[in-house]
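Submitted below is the structure of interest, expressed as C-alpha coordinates.
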Amino acid sequence: DARVTQTPRHKVTEMGQEVTMRCQPILGHNTVFWYRQTMMQGLELLAYFRNRAPLDDSGMPKDRFSAEMPDATLATLKIQPSEPRDSAVYFCASALFRDRAYNEQFFGPGTRLTVL
Amino acid sequence: RKEVEQDPGPFNVPEGATVAFNCTYSNSASQSFFWYRQDCRKEPKLLMSVYSSGNEDGRFTAQLNRASQYISLLIRDSKLSDSATYLCVVNLLSGAAGNKLTFGGGTRVLVKP
(Lines give C-alpha, C1' and ligand atoms only; values in the text may rest on other atoms or scores of the structure.)
Protein backbone atom coordinates (compact mmCIF):
# COMPACT_ATOMS: atom_id res chain seq x y z
CA ASP A 1 0.00 0.00 0.00
CA ALA A 2 1.95 3.00 -1.28
CA ARG A 3 1.84 6.07 0.90
CA VAL A 4 3.62 9.34 1.55
CA THR A 5 5.69 9.30 4.71
CA GLN A 6 6.74 12.28 6.78
CA THR A 7 9.12 12.68 9.67
CA PRO A 8 8.98 13.73 12.39
CA ARG A 9 5.28 13.43 13.16
CA HIS A 10 5.57 15.91 16.02
CA LYS A 11 8.18 18.52 16.79
CA VAL A 12 8.39 20.93 19.69
CA THR A 13 11.20 23.44 19.56
CA GLU A 14 12.19 26.80 20.87
CA MET A 15 12.13 30.02 18.94
CA GLY A 16 15.31 30.52 16.94
CA GLN A 17 16.04 26.84 16.45
CA GLU A 18 16.35 25.18 13.08
CA VAL A 19 13.62 22.75 12.07
CA THR A 20 13.93 20.22 9.27
CA MET A 21 10.95 18.22 8.05
CA ARG A 22 11.31 15.30 5.66
CA CYS A 23 9.01 13.67 3.18
CA GLN A 24 9.23 10.53 1.11
CA PRO A 25 6.81 10.75 -1.84
CA ILE A 26 5.14 7.77 -3.43
CA LEU A 27 7.47 5.98 -5.83
CA GLY A 28 6.76 7.03 -9.39
CA HIS A 29 5.10 10.33 -8.51
CA ASN A 30 6.81 13.27 -10.20
CA THR A 31 5.29 16.17 -8.24
CA VAL A 32 5.77 16.95 -4.57
CA PHE A 33 3.90 19.64 -2.64
CA TRP A 34 4.47 21.25 0.75
CA TYR A 35 1.45 22.71 2.56
CA ARG A 36 0.95 24.41 5.89
CA GLN A 37 -2.35 24.22 7.74
CA THR A 38 -3.51 26.39 10.61
CA MET A 39 -6.95 27.04 12.02
CA MET A 40 -6.84 30.63 10.88
CA GLN A 41 -5.42 30.24 7.36
CA GLY A 42 -6.54 26.79 6.32
CA LEU A 43 -4.38 24.81 3.91
CA GLU A 44 -1.73 26.97 2.23
CA LEU A 45 0.56 25.84 -0.55
CA LEU A 46 4.14 26.71 0.35
CA ALA A 47 6.04 25.20 -2.58
CA TYR A 48 5.98 22.43 -5.10
CA PHE A 49 8.43 20.49 -7.24
CA ARG A 50 8.13 18.66 -10.54
CA ASN A 51 10.81 16.09 -11.33
CA ARG A 52 12.78 17.52 -8.37
CA ALA A 53 12.84 21.05 -9.83
CA PRO A 54 11.11 23.82 -7.88
CA LEU A 55 8.14 25.17 -9.86
CA ASP A 56 6.57 27.58 -7.43
CA ASP A 57 7.67 28.63 -3.97
CA SER A 58 5.79 31.91 -3.86
CA GLY A 59 3.82 30.79 -0.82
CA MET A 60 6.91 30.40 1.27
CA PRO A 61 8.58 33.11 3.40
CA LYS A 62 11.95 33.18 1.67
CA ASP A 63 13.93 34.66 4.50
CA ARG A 64 13.53 31.69 6.79
CA PHE A 65 12.04 28.81 4.79
CA SER A 66 13.77 26.63 2.24
CA ALA A 67 12.61 23.56 0.37
CA GLU A 68 14.72 21.08 -1.54
CA MET A 69 14.55 17.71 -3.23
CA PRO A 70 18.02 16.20 -3.03
CA ASP A 71 16.74 13.07 -4.76
CA ALA A 72 13.51 11.58 -6.03
CA THR A 73 12.81 9.83 -2.74
CA LEU A 74 13.34 12.75 -0.38
CA ALA A 75 11.91 16.24 -0.05
CA THR A 76 12.90 18.54 2.79
CA LEU A 77 11.42 21.70 4.27
CA LYS A 78 13.64 23.70 6.54
CA ILE A 79 12.87 26.64 8.81
CA GLN A 80 15.78 28.65 10.16
CA PRO A 81 15.29 30.41 12.51
CA SER A 82 11.89 29.20 13.64
CA GLU A 83 9.31 31.54 15.17
CA PRO A 84 6.15 30.89 17.21
CA ARG A 85 3.98 31.94 14.24
CA ASP A 86 5.40 28.96 12.32
CA SER A 87 3.47 26.62 14.60
CA ALA A 88 1.20 24.61 12.31
CA VAL A 89 0.76 21.23 10.69
CA TYR A 90 2.99 20.82 7.65
CA PHE A 91 1.77 18.38 5.03
CA CYS A 92 3.69 16.90 2.17
CA ALA A 93 1.75 15.49 -0.77
CA SER A 94 2.73 13.79 -3.99
CA ALA A 95 1.00 13.23 -7.31
CA LEU A 96 1.67 12.06 -10.83
CA PHE A 97 1.37 14.86 -13.37
CA ARG A 98 0.89 13.54 -16.89
CA ASP A 99 -0.86 14.74 -20.01
CA ARG A 100 -1.37 18.20 -18.46
CA ALA A 101 -3.33 16.82 -15.52
CA TYR A 102 -2.85 15.41 -12.07
CA ASN A 103 -4.01 12.10 -10.80
CA GLU A 104 -5.03 11.90 -7.17
CA GLN A 105 -2.87 13.90 -4.77
CA PHE A 106 -1.81 11.77 -1.81
CA PHE A 107 -1.01 13.44 1.49
CA GLY A 108 1.38 12.36 4.17
CA PRO A 109 0.26 12.30 7.82
CA GLY A 110 1.80 15.70 8.49
CA THR A 111 4.35 17.12 10.91
CA ARG A 112 2.78 18.96 13.82
CA LEU A 113 5.20 21.74 14.68
CA THR A 114 5.07 23.78 17.87
CA VAL A 115 7.52 26.63 18.30
CA LEU A 116 7.67 27.97 21.84
CA ARG B 1 -11.26 37.76 -3.55
CA LYS B 2 -9.87 34.31 -2.79
CA GLU B 3 -9.28 32.00 -5.73
CA VAL B 4 -11.36 29.23 -4.18
CA GLU B 5 -14.02 29.95 -1.57
CA GLN B 6 -16.18 27.78 0.61
CA ASP B 7 -18.73 28.37 3.34
CA PRO B 8 -16.84 27.28 6.46
CA GLY B 9 -20.02 26.02 8.16
CA PRO B 10 -20.53 24.12 10.30
CA PHE B 11 -23.46 22.47 8.61
CA ASN B 12 -25.34 20.64 11.35
CA VAL B 13 -27.13 17.73 9.70
CA PRO B 14 -29.52 15.22 11.27
CA GLU B 15 -28.54 11.65 10.59
CA GLY B 16 -30.27 10.42 7.45
CA ALA B 17 -30.79 13.88 6.00
CA THR B 18 -29.34 15.35 2.83
CA VAL B 19 -26.80 18.16 2.86
CA ALA B 20 -25.33 20.11 -0.02
CA PHE B 21 -22.76 22.84 -0.23
CA ASN B 22 -20.86 24.71 -2.89
CA CYS B 23 -17.40 25.91 -3.69
CA THR B 24 -16.82 28.92 -5.93
CA TYR B 25 -13.70 29.60 -7.96
CA SER B 26 -12.56 32.84 -9.46
CA ASN B 27 -10.59 31.79 -12.51
CA SER B 28 -12.71 30.67 -15.45
CA ALA B 29 -9.68 28.88 -16.93
CA SER B 30 -9.69 26.35 -14.10
CA GLN B 31 -9.43 22.93 -15.59
CA SER B 32 -10.19 20.21 -13.10
CA PHE B 33 -11.85 19.92 -9.75
CA PHE B 34 -11.81 17.63 -6.77
CA TRP B 35 -13.44 17.13 -3.40
CA TYR B 36 -11.25 16.04 -0.51
CA ARG B 37 -12.32 14.98 2.95
CA GLN B 38 -10.31 15.80 6.07
CA ASP B 39 -11.00 14.30 9.45
CA CYS B 40 -9.92 16.05 12.62
CA ARG B 41 -6.14 15.92 13.05
CA LYS B 42 -5.72 13.82 9.92
CA GLU B 43 -4.49 14.44 6.41
CA PRO B 44 -6.86 15.29 3.54
CA LYS B 45 -7.93 12.36 1.39
CA LEU B 46 -9.50 12.36 -2.04
CA LEU B 47 -13.26 11.88 -1.91
CA MET B 48 -14.02 12.25 -5.60
CA SER B 49 -13.07 14.03 -8.77
CA VAL B 50 -15.67 16.33 -10.33
CA TYR B 51 -16.45 15.80 -13.99
CA SER B 52 -18.18 18.18 -16.34
CA SER B 53 -21.21 15.95 -16.64
CA GLY B 54 -21.49 15.50 -12.91
CA ASN B 55 -20.75 12.26 -11.15
CA GLU B 56 -22.02 10.12 -8.35
CA ASP B 57 -20.29 7.77 -5.95
CA GLY B 58 -22.72 6.02 -3.66
CA ARG B 59 -24.36 8.65 -1.48
CA PHE B 60 -22.15 11.43 -2.82
CA THR B 61 -22.92 13.51 -5.89
CA ALA B 62 -20.63 16.15 -7.34
CA GLN B 63 -21.64 18.75 -9.90
CA LEU B 64 -19.75 21.36 -11.88
CA ASN B 65 -21.32 24.59 -13.07
CA ARG B 66 -18.80 26.31 -15.32
CA ALA B 67 -21.09 29.20 -16.23
CA SER B 68 -21.44 30.24 -12.60
CA GLN B 69 -18.00 28.97 -11.62
CA TYR B 70 -18.85 26.67 -8.79
CA ILE B 71 -18.79 23.02 -7.86
CA SER B 72 -21.14 21.34 -5.44
CA LEU B 73 -21.18 18.29 -3.24
CA LEU B 74 -24.37 16.60 -2.09
CA ILE B 75 -24.46 13.92 0.57
CA ARG B 76 -27.61 11.81 0.82
CA ASP B 77 -28.68 9.71 3.80
CA SER B 78 -25.99 11.28 5.99
CA LYS B 79 -24.12 9.00 8.36
CA LEU B 80 -22.40 9.96 11.59
CA SER B 81 -19.15 8.97 9.90
CA ASP B 82 -19.67 11.68 7.28
CA SER B 83 -18.76 14.29 9.90
CA ALA B 84 -15.61 15.91 8.54
CA THR B 85 -14.31 18.95 6.74
CA TYR B 86 -14.81 18.87 2.98
CA LEU B 87 -12.20 20.69 0.92
CA CYS B 88 -12.63 21.60 -2.69
CA VAL B 89 -9.57 21.73 -4.91
CA VAL B 90 -9.20 23.49 -8.21
CA ASN B 91 -6.48 22.78 -10.78
CA LEU B 92 -5.41 25.85 -12.71
CA LEU B 93 -2.83 26.08 -15.44
CA SER B 94 -0.72 28.87 -14.02
CA GLY B 95 1.75 30.12 -16.60
CA ALA B 96 5.39 29.51 -15.77
CA ALA B 97 4.43 27.88 -12.48
CA GLY B 98 2.68 25.10 -14.33
CA ASN B 99 -0.43 23.42 -13.03
CA LYS B 100 -1.36 24.65 -9.60
CA LEU B 101 -3.74 22.97 -7.18
CA THR B 102 -5.57 25.45 -4.98
CA PHE B 103 -7.57 24.42 -1.92
CA GLY B 104 -10.63 26.10 -0.52
CA GLY B 105 -10.84 26.76 3.20
CA GLY B 106 -13.12 23.79 3.76
CA THR B 107 -16.73 23.26 4.81
CA ARG B 108 -17.28 21.57 8.13
CA VAL B 109 -20.12 19.07 8.32
CA LEU B 110 -21.42 17.69 11.62
CA VAL B 111 -23.89 14.83 11.40
CA LYS B 112 -25.87 14.35 14.60
CA PRO B 113 -28.03 11.46 15.79
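Below, chains carry the letters A, B, ... as their sequence lines are ordered, and counting in each starts from 1.
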Practice item. Tell me yes or no: between the side chains of Arg50(A) and Thr31(A), is some donor less than 3.5 Å from an acceptor? Key: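 Present: a donor and an acceptor within the cut-off.
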Check your understanding: When you look at CZ of Arg3(A), are more than 12 heavy atoms from neighbouring residues, nucleotides or ligands closer to it than 6.0 Å?
Key -> no
Review point. How long is the span from the CG atom in Leu101(B) to the OG atom in Ser30(B), to the nearest 0.5 Å?
Key: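 These two atoms lie 10.5 Å from each other.
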Practice item. Mark yes or no for whether Gln80(A), through its side chain, and Glu18(A), through its backbone, hold a donor-acceptor pair below 3.5 Å. Key: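 At least one qualifying donor-acceptor pair exists.
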Practice item. Sort by residue number and list every member of residues 108-116 of chain A having a non-hydrogen atom under 4.5 Å from chain B. Key: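 When heavy atoms of chain B are the reference, residues 108-116 of chain A contributes Gly108(A), Pro109(A), Arg112(A) within the under-4.5 Å range.
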Exercise for review: Tell me the residues of residues 40-58 of chain B whose non-hydrogen atoms fall below 4.5 Å from those of chain A, in number order.
Suggested key: Arg41(B), Lys42(B), Glu43(B), Pro44(B), Leu46(B)
Review point. Sub-3.5 Å donor-acceptor pair from the side chain of Ser82(A) to the main-chain atoms of Ile79(A), do we have one?
Key: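 Not confirmed, Ser82(A) side chain does not pair with Ile79(A) backbone.
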Practice item. Grab the two heavy atoms, one from Gln105(A) and one from Tyr35(A), that are nearest each other, plus how far apart they are. Key: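 Heavy-atom minimum between the residues: NE2-OH, 2.9 Å.
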Review point. Okay, side chain of Arg64(A), backbone of Pro81(A): is any donor-acceptor separation there less than 3.5 Å?
Key: yes
Review point. Does Thr107(B) use its side chain to pair, donor to acceptor, with the backbone of Gln6(B) at less than 3.5 Å?
Key: no
**Study point:** Interatomic distance, Leu74(B) atom CG to Thr18(B) atom OG1 [nearest 0.5 angstrom]
**Key:**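 Answer rounded to 0.5 Å: 6.0 Å.
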